[in-house]
**Student:** 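Take this structure first; my questions come after.
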Amino acid sequence: MHHANHFYGHAQVLARYCDLGELDAPPRMLGYLQHGWNIGDGLAPGTPYVEGAPIFVWSEQTRRRAWSLGRRNVTVVGAPWIYLLALEPEAPDAPPREGTVWYPFHGWEGQEVKGDHRRLIATIKDVEEGPVTVCLYWAEFQTRRIRRLYERAGFRVICHGYRGHWWRQTNPDFLLGQLTELRKHKRVASNRVSSALFYGLAAGCESAVYGDPMVLHAEDPTFGGVARIRRQWPELHGTHVDHAVARAIADDELGTAYLTSPASLRRLFGWEHLHTPQEQADEPVDHHRAAEPPPDRRRDAGLDR
């Protein structure tokens with residue numbers, strides 16, 4: 001339905017979990033899927049919404065906020081990330097993790113982020129021990145001036161790719177690549193609480209939130225912004241935090257307890273009419289029906305009257 005359902009390859013991950021096979025284009029969901037962690041109703045501010053359409057959110061907290069804001073027909077299904085983790089368990093013989101993967105706060109197509117990257121780099125160098133990988137959003141990564149600042153600081157600089165927009169240029173392996181990177185590192189850190197922070201915690205990283213949170217141009221203050229996040233989740237902020245507490249918060253925000261069965265997801269998303277490869281193989285062929293001549297379409301359409 002909404003093109004944001006396909007951001008980061010979310011629809012592809014969920015279709016794979018539902019055992020719908022390799023799809024060039026995943027089926028459209030009958031509703032709106034929360035595409036990133038937020039402190040509102042699960043939908044990005046300003047998202048055009050068809051009244052009464054289903055909303056699929058990550059957590060019970062988000063469902064309650066959506067209800068308080070007048071949203072109805074809201075269902076908790078958990079984040080696509082938890083389904084990816086179910087599909088891609090960590091190898092028991094994985095090499096030891098080392099260093100930190102750092103996610104600077106970023107803008108997007110409609111809003112740029114403003115901040116002092118040099119000051120942030122200095123803060124990271126003061127705090128982190130061991131190798132640091134800085135993961136920039138595609139817009140900042142393509143801005144040579146910003147990318148070079150982090151490279152010259154001696155950091156390994158990467159980008160997970162483009163999230164997709166209006167069903168175009170979607171990287172179906174975006175989350176898989178992110179998971180692979182996170183599992184290489186002992187820590188995940190950022191200057192703001194974000195989806196990436198919770199993904200890292202769920203993938204087994206320790207976490208930290210510190211440094212200048214930066215400013216998003218014309219940032220929407222509707223739900224309280226950075227000030228509210230710091231008040232509501234103080235346990236996540238600091239250069240070193242209690243890992244058990246942070247992991248429990250991540251599980252709550254990602255809806256880990258709400259991992260849903262493939263059959264239930266197919267029903268919720270309107271994918272019941274789609275067959276898994278095994279179901280297609282097991283479906284009997286009606287040879288008599290197949291041999292019937294095609295119907296007279298003019299007659300069936302009432303055009304011969």
Side-chain angles (χ1 to χ4, degrees), residues 4-17 26 33-38 44 58-59 77-91 94-109 113 124 128 130-142 146-147 150-151 155-165 168-209 236 243 246-247 249-251 253-256 259:
N5 294 351
H6 293 217
F7 285 174
Y8 309 107
H10 283 169
Q12 282 93 338
V13 169
L14 294 169
R16 180 184 163 202
Y17 177 81
L33 175 68
Q34 179 181 343
H35 73 262
W37 180 77
N38 68 45
W58 293 6
S59 70
V77 296
W81 187 259
I82 68 173
Y83 294 92
L84 180 65
L85 292 178
L87 291 166
E88 300 287 342
E90 187 167 12
R97 298 171 180 232
E98 63 174 355
T100 301
V101 57
W102 225 99
Y103 288 88
F105 178 62
H106 63 79
W108 63 290
E109 290 90 340
V113 67
I124 294 171
E128 298 300 332
V132 174
T133 295
V134 171
C135 183
L136 296 176
Y137 192 60
W138 70 269
E140 284 78 17
F141 187 82
Q142 289 185 350
I146 296 176
R147 188 180 72 249
Y150 289 96
E151 289 173 342
F155 301 146
R156 172 178 173 249
V157 182
I158 64 169
C159 177
H160 292 321
Y162 188 56
R163 72 176 183 179
H165 196 64
R168 296 173 182 170
Q169 295 181 284
T170 301
N171 176 7
D173 294 325
F174 186 105
L175 292 185
L176 183 59
Q178 186 170 13
L179 177 60
T180 300
E181 279 295 334
L182 285 166
R183 283 177 170 165
K184 294 177 183 177
H185 296 85
K186 185 177 180 180
R187 275 167 56 92
V188 60
S190 182
N191 47 343
R192 290 203 191 192
V193 177
S194 62
S195 301
L197 187 83
F198 292 132
Y199 292 171
L201 280 161
C205 299
E206 298 173 5
S207 69
V209 178
L236 296 175
H243 177 65
R247 175 61 191 266
I249 293 173
D251 285 340
E253 295 301 320
L254 295 175
T256 300
L259 185 76

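Numbering of residues begins at 1 and proceeds along the displayed sequence. All of these numbers come straight from a predicted model, not from anything done at the bench. What you see below is based on every heavy atom in this structure, not just the backbone, and it leaves out hydrogens, waters and symmetry mates.
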**Student:** Is E88 paired with R16 through a side-chain N to carboxylate O contact shorter than 4.0 Å?
**Tutor:** yes

**Student:** Which value, rounded to the nearest 0.5 Å, describes the distance between Y103 atom OH and T133 atom OG1?
**Tutor:**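 Here the interatomic distance stands at 9.5 Å.
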
**Student:** Please list, chain by chain and in numerical order, all residues satisfying salt bridge (charged side-chain N to carboxylate O under 4.0 Å, His left out) with E98, sequence neighbours excluded.
**Tutor:** none

**Student:** In Å and rounded to the nearest 0.5 Å, what is the CH2 to CG distance from W102 to L136?
**Tutor:**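 Interatomic distance, W102 CH2 to L136 CG, rounded to 0.5 Å: 11.0 Å.
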
**Student:** I need the minimum non-hydrogen distance between A196 and V188, along with the two atoms involved.
**Tutor:**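 Shortest heavy-atom separation between A196 and V188 comes out as O-CG2, 3.9 Å.
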
**Student:** Could you give the distance from CD1 (I158) to CZ (F141), rounded to the nearest 0.5 Å?
**Tutor:** 8.5 Å

**Student:** Going by heavy atoms in the side chains, are L85 and E90 under 4.5 Å from each other?
**Tutor:** no

**Student:** Does the side chain of I124 come within less than 4.5 Å of F155's, by heavy atoms?
**Tutor:** yes

**Student:** About how many Å separate CG of L254 and CD1 of I249, when rounded to the nearest 0.5 Å?
**Tutor:** 11.5 Å

**Student:** Taking all atoms of both residues into account, what is the closest heavy-atom pair of C159 and C135, and its distance?
**Tutor:**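 Residues C159 and C135, closest heavy atoms: CA-SG, 4.3 Å.
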
**Student:** First locate atom CG of L236, then atom CZ of R192, and finally report the distance between them rounded to the nearest 0.5 Å.
**Tutor:**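 Taking CG in L236 and CZ in R192, the distance rounds to 14.5 Å.
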
**Student:** Would you find a donor on one side and an acceptor on the other, under 3.5 Å apart, between the side chain of W58 and the backbone of Q34?
**Tutor:** yes

**Student:** For residues L182 and A203, report the shortest heavy-atom separation together with the two atoms involved.
**Tutor:** CB-CB, 4.4 Å

**Student:** For I82 versus G255, what's the shortest heavy-atom pair and its separation?
**Tutor:**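 Scanning both residues completely, I find the closest heavy atoms to be CD1-O, 3.4 Å.
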
**Student:** If we check side-chain contact (heavy atoms from CB on, under 4.5 Å) with L175, which of these qualifies: H10, H160, Q12?
**Tutor:** H10

**Student:** Report yes if some heavy atom in the side chain of R183 is under 4.5 Å from a heavy atom in the side chain of R97; otherwise report no.
**Tutor:** yes

**Student:** Do F198 and T256 make a side-chain contact, defined as non-hydrogen atoms from C-beta onward lying under 4.5 Å apart?
**Tutor:** no

**Student:** So do the side chains of I146 and Y137 get within less than 4.5 Å of each other, counting heavy atoms only?
**Tutor:** no

**Student:** Among all residues two or more places apart in sequence or in another chain, which pass the side-chain hydrogen bond (donor to acceptor under 3.5 Å, both in side chains) test with Q142?
**Tutor:** none

**Student:** Do you know the tightest heavy-atom contact between S59 and E253?
**Tutor:**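 Heavy atoms only, the tightest pair is CB-O, 3.7 Å.
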
**Student:** Is any side-chain heavy atom of Q178 closer than 4.5 Å to a side-chain heavy atom of W81?
**Tutor:**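 Yes; the side chains approach each other to less than 4.5 Å.
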
**Student:** What are the two closest heavy atoms between S190 and S194, and how far apart are they?
**Tutor:**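 In this case the closest contact between S190 and S194 is OG-OG, 4.4 Å.
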
**Student:** Taking atom OH of Y8 and atom OH of Y199, what is their separation to the nearest 0.5 Å?
**Tutor:**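 Y8 atom OH to Y199 atom OH measures 7.5 Å (nearest 0.5 Å).
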
**Student:** For the pair N191 (side chain) and F105 (backbone), establish whether a donor and an acceptor sit closer than 3.5 Å, ignoring hydrogens and angles.
**Tutor:**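 Such a contact is found between N191 side chain and F105 backbone.
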
**Student:** Is there a side-chain contact between P80 and L33 (heavy atoms, below 4.5 Å)?
**Tutor:**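 Yes, their side chains come closer than 4.5 Å.
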
**Student:** When you measure from the side chain of R187 to the backbone N and O of E206, does any donor-acceptor pair fall under 3.5 Å?
**Tutor:** no

